[in-house]
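Okay, structure first, notes after.
All values below were derived from every heavy atom in this structure, side-chain atoms included, with hydrogens, water molecules and symmetry-related copies excluded. Chain A is the first sequence line, chain B the second, and so forth, proteins listed ahead of strands; every chain is numbered from 1.
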Amino acid sequence: MDDQPRLMHAHAAVGMSGHPGLSQHIQDNTGATDGDGRKQDIGDILQQIMTITDQSLDEAQARKHALNCHRMKPALFNVLCDVKEKTVLSIRGAQEEESPDAQLMRLDNMLLAEGVSGPEKGGGAAAAAAAAAASAGVGADNATEHSDYRAKLTQIRQIYHTELEKYEQACNEFTTHVMNLLREQSRTRPISPKEIERMVNIIHRKFSSIQMQLKQSTCEAFMILRSRFLDARRKRRNFNKQATEILNEYFYSHLSNPYPSEEAKEELAKKCSITMSQHGTTCLLVSNWFGNKRIRYKKNIGKFQEEANIYAARTAVSAASVSAHGSQTNSPSTPNSAADVTLWEMSFVSK
DNA sequence: GAAAATGATTAAAC
DNA sequence: GTTTAATCATTTTC
């Protein structure tokens with residue numbers, strides 16, 4: 001501890017000779033002329049600053065006040081700020097990397113597009129829900145699922161906004177607190193406004209990285225919600241009995257070639273009151289049904305034999321009644337009897 | 001509650 | 001683009 005005064009004098013001397021701006025500052029701020037007197041002044045100030053922590057609170061307060069009023073104080077602080085700026089802060093400044101704005105923008109855009117953030121609900125959220133409901137292609141009870149979806153979306157929005165607000169408030173409070181602290185400290189140690197600004201930036205970056213995490217998890221929550229809602233497999237509905245009968249009737253009466261054309265599919269979909277798929281011009285549901293039926297029939301003809309006989313008999317009866325009335329055939333192709341081995345069946349029965 | 005049935009999805013082949 | 005074959009996920013049946 002005995003070294004301190006010597007050290008401070010040495011510092012002051014180095015400051016004088018090593019920093020070209022110091023004498024200038026002092027000239028500017030004090031107008032002093034006596035070189036030795038100035039050295040003595042600076043040495044005194046520095047010594048007082050360094051020993052201030054060793055003193056009692058009252059003493060220190062008094063000393064702080066005296067220092068603040070010292071005529072050399074502004075000049076000395078300016079120089080020290082300059083030195084700090086040119087060494088530590090400039091190095092640190094150079095190392096500061098670019099903030100990941102791109103990702104933040106991506107998240108912001110997504111939240112905006114999905115209606116989680118932004119002005120008010122009704123835009124993206126409703127559109128997404130409507131699209132989801134439409135592509136799910138369901139009928140009766142989609143209203144409840146729809147509102148369920150909307151309620152959950154609102155919940156996500158609410159959590160997001162309250163959390164965001166909390167973070168913003170905390171950020172502001174913390175920034176104000178730190179700024180006040182630094183301003184207060186700048187009375188006793190050299191802190192430039194630039195340094196305060198830099199500190200504020202650091203705080204903002206930290207908080208915005210937290211906000212980014214919030215945005216990320218909100219996006220994830222929304223994606224999960226939507227995928228649940230959109231996943232058609234989760235909301236599979238069996239066709240009603242009538243629809244199944246219509247499809248089976250077509251299938252067994254076209255066993256030689258159970259591949260309905262686009263028109264036939266649309267016709268069948270209409271007959272079965274199946275809403276058209278959003279995926280294209282074909283009725284995907286009918287295509288799915290025929291795809292499944294073909295493969296399952298082919299895999300186990302025996303199991304479907306009884307069903308085949310029933311439908312064959314039914315079509316035979318209707319064909320007979322039609323011919324009995326002398327009408328023309330209203331079927332695009334000749335119905336097959338279940339006993340017949342059809343062309344289509346031939347292709348896989350004979351391996 | 002397990003098994004069967006069934007609609008949807010997928011990759012691969014055409 | 002469609003179809004097949006395998007598979008998944010749900011609903012229905014027992």
Above 12 or not: heavy atoms from other molecules or residues under 6.0 Å from NE2 of A:His161?
yes
So, is A:Arg237 near the phosphate of C:dT11, with a side-chain N or O under 4.0 Å from OP1 or OP2?
yes
As an exercise, state the distance from CG of A:Asn180 to NE2 of A:His177, rounded to the nearest 0.5 Å.
8.0 Å
Between the CG atom in A:Leu182 and the CD1 atom in A:Ile196, the distance rounded to the nearest 0.5 Å is 5.5 Å
Rounded to whole Å, the CG-P distance (A:Asn300 to C:dA6) equals 14 Å
Contact list (N/O, under 3.5 angstrom) for nucleotides 3-5 of chain C vs protein:
unit_1	atom_1	unit_2	atom_2	d
C:dT4	OP1	A:Tyr259	OH	2.1
C:dT4	OP2	A:Arg294	NE	2.5
C:dT4	OP2	A:Arg294	NH2	3.0
C:dA5	OP1	A:Lys298	NZ	3.0
C:dA5	OP2	A:Lys298	NZ	2.8

Starting at CZ of A:Phe239 and ending at C1' of C:dT11, how long is that distance when rounded to a whole Å?
14 Å
Ring pair (Phe, Tyr, Trp, His ring centres under 6.0 Å) test vs A:Tyr297 passes for just one of A:Phe290, A:Trp289, A:Phe251, namely A:Phe251
Atom OG1 in A:Thr218, atom CE in A:Met212: separation rounded to 0.5 Å?
13.0 Å
Which part of the nucleic acid, if any, lies within contact of A:Asn238, taking any heavy atom under 4.0 Å across all strands shown: a base, the sugar-phosphate backbone alone, or nothing?
sugar-phosphate
If I take atom CZ in residue A:Arg296 and atom C1' in nucleotide C:dT7, what distance separates them, rounded to the nearest angstrom?
10 Å
Nearest-Å distance, OH (A:Tyr297) to P (B:dA5)?
16 Å
Checking A:Tyr311 against A:Glu245: is there a side-chain donor and acceptor pair closer than 3.5 Å?
no
A:Asn288 CG to B:dT10 P, straight-line distance once rounded to whole Å:
11 Å
Below 4.0 angstrom from OP1 or OP2 of B:dG7, is there any side-chain N or O of A:Lys293?
no
For the pair made of CD in A:Glu307 and C1' in B:dA4, what is the distance, rounded to whole Å?
14 Å
Between B:dG7 atom C1' and A:Phe251 atom CZ, what is the distance in whole Å?
16 Å
